[in-house]
Amino acid sequence: MLAIGSDHAGYPLKLEVIKHLEERNIEYKDYGCYSADSCDYAVFAEKTANAVASGECEKGLLFCGTGVGISIAANKVRGIRAACCSDEFSAEATRLHNDANILCLGARVVEPEKAIKLVDLFLDTEFSGEERHIRRIAQITDIENRFCK
Ligand code: RB5
């Protein structure tokens, strides 16, 4: 199960990506928002990130205007590695190297066609499992453990 969420600015791109997920028969749960009315990205980042962190969903997709605000908020949830990407190389590398569990996209940055390519790369790429990447991710978790309650 894939968790998805957005604010109002990301909402139109989220709808485009949902169409694509449905074409691919990928199960998802939409944690809001549910309209283009102005709302606050941190609210939906938290709900979506929590679904991933709790194990209810395996991965997540988040959308806002830039992808940045919603990624910053999602990364405050313990266990979340949310990557804001706007190019194919990063969307693939963040799975291979960072084992990112949420992809964040900016609706005012990436066109829907490109966003869909990034989503597919993110969903279809496995973590490399290489020792140096495991070590670096463990260092991130260590920072989290020292700085977060
Ligand atoms: C909303 O206008 C916008 O600030 C938000 O979607 C996002 O881009 C924040 O980082």
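Remember, it's 1-based here, ligands and their atoms both numbered in the order they're listed.
- Of the protein's non-hydrogen atoms, R108 NH1, 3.9 Å is the one closest to atom 3 (C) of ligand 1.
- Between the side chains of N50 and S54, no donor-acceptor pair is found at a separation under 3.5 Å.
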Step by step, would you call R24 with D120 a salt bridge (charged side-chain N to carboxylate O under 4.0 Å, His left out)?
-> CA-CA 10 Å; R24 283 195 57 181; D120 282 344; 2.7 Å; yes

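- For the atom pair NZ of K14 and OH of Y31, the computed distance is 12.0 Å after rounding to the nearest 0.5 Å.
- Every atom of ligand 1 is numbered from 1 in the order shown, and the set under 4.0 Å from a heavy atom of G65 is 5 (C), 6 (O), 7 (C), 8 (O).
- Residues F63 and C104 have side chains not in contact (no heavy-atom distance under 4.5 Å, counting atoms from C-beta outward).
- Inter-residue side-chain proximity for E58 and V52 is flagged as unmet; no heavy-atom pair is nearer than 4.5 Å.
- Not one N or O of Y41 is nearer than 3.5 Å to an N or O of ligand 1, by distance alone.
- Protein non-hydrogen atoms do reach within 4.0 Å of atom 10 (O) of ligand 1.
- An N or O contact shorter than 3.5 Å is missing between C64 and ligand 1 by distance.
- For the pairing with R81, the side chain to side chain contact (heavy atoms under 4.5 Å, CB included) check across T94, I102, D99 returns one residue only, D99.
- Looking only at protein heavy atoms, the nearest one to atom 8 (O) of ligand 1 is T66 N, 3.0 Å.
- Atoms of ligand 1 found under 4.0 Å from any heavy atom of A9 (numbered from 1 in listed order, with element): 6 (O).
- Looking at G69 next to ligand 1, an N or O pair under 3.5 Å apart turns up.
- Contacts of D7 with ligand 1, taken as heavy-atom pairs under 4.0 Å, involve the side chain alone.
- A donor-acceptor contact under 3.5 angstrom links the side chains of R78 and N145, judged on distance only.
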